[in-house]
Amino acid sequence: MRSKFVAGNWKMNGSLAANAALLEALVSGSHGLPAGAMAVLAPFPYLAQCEARLSGSGIRWGAQDLSEHASGAFTGEVAGSMLREFGCSFVLVGHSERRAMHGESSELVGRKAVAAHAVGLTPVVCVGESLAEREAGLTESVVSSQIQVFLDVAGPAVLAAAVIAYEPVWAIGTGKTASPEQAQEVHALVRRVVAAVDAGRASTIQILYGGSVKGSNAASLFAMPDVDGGLVGGASLNGSEFLDICRAAVACGPT
Ligand code: PEP
């Protein structure tokens, strides 16, 4: 059985004051939601603030990236063990903004997932096609290959601990959301690719949808049988809207 789960990717947004208000709204609005149903993924400098405010609240937190290395001469990088010291449960790997702006390959994404798993973090592995790839009919091959390379590099133990987020690049931050049917089609494909490696894991792995999820479209997306919740960018910066999205996920019940 898979419970629904929603994570908010704050991207490079926030300030101590703005986060304090947002975290307050999330904690007070989350009563009645099951513990573990929601998480926030904050910029590195704000992880201590998340830990201070969210500890004991049932809301978990995490980071948006990590180094593939454990320690050493990697100026500017942040190791998974450092994230664990601030109570992180999750870390994004392979967000499309990192793939596009920092040249991250699926191999590197796999190695980052290994580094996350080695310290007990749950990697949230992002995959998705660009608009040009979708229009060229390449969605299935692009997404399958991203997942396959991740599986080849990271292996079954990391797969057993990972969450996958399908985020069509054309839907991220654009206001264009995949239709529930488009999302379902790719989520079912992701589950089939996972099943070819580990049939048991395919029925339990959480596959989140990301790309302009809002309070108004969350329920229809989360009602799809293979959509296990959401990875939410812009709308996660608004406490009441993010809570609406989390409530929509919980209302759909486990799959
Ligand atoms: C994201 O950044 O992962 C994302 C899905 O962004 P948005 O919800 O703003 O499209």
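Both ligands and their constituent atoms are indexed starting at 1 by order of listing. All values reported here derive from a predicted model rather than from experimental measurement.
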Inset, instruction - Only counting residues at least two apart or in another chain, list the ones meeting side chain to side chain donor-acceptor pair (under 3.5 Å) with E24. - result: R53

Legend entry - With S3 via side chain to side chain donor-acceptor pair (under 3.5 Å) - residues at least two apart: none

Legend entry - Under 4.0 Å from ligand 1, counting heavy atoms only: the protein residues, by chain and number: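 The 4.0 Å shell around ligand 1 contains N9, K11, H95, E167, A171, I172, G173, G210, G211, S212, L231, V232, G233, G234.
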
Legend entry - Check ion pair D226-R192 (N to O, under 4.0 angstrom): no

Inset, instruction - Evaluate whether atom CD of E140 has more than 12 neighbouring non-hydrogen atoms of other residues, nucleotides or ligands under 6.0 angstrom away. - result: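 Counting neighbours around CD of E140, 12 or fewer heavy atoms of other residues, nucleotides or ligands fall under 6.0 Å, so no.
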
Legend entry - Residue from L237, V232, L41 passing side-chain contact (heavy atoms from CB on, under 4.5 Å) with W10: L237

Inset, instruction - List, by chain and then residue number, the residues other than V142 in its hydrophobic cluster (Ile/Leu/Val/Met/Phe/Trp/Tyr, side-chain heavy atoms under 4.5 Å); write none if there are no others. - result: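 Members besides V142, by chain and number: L138.
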
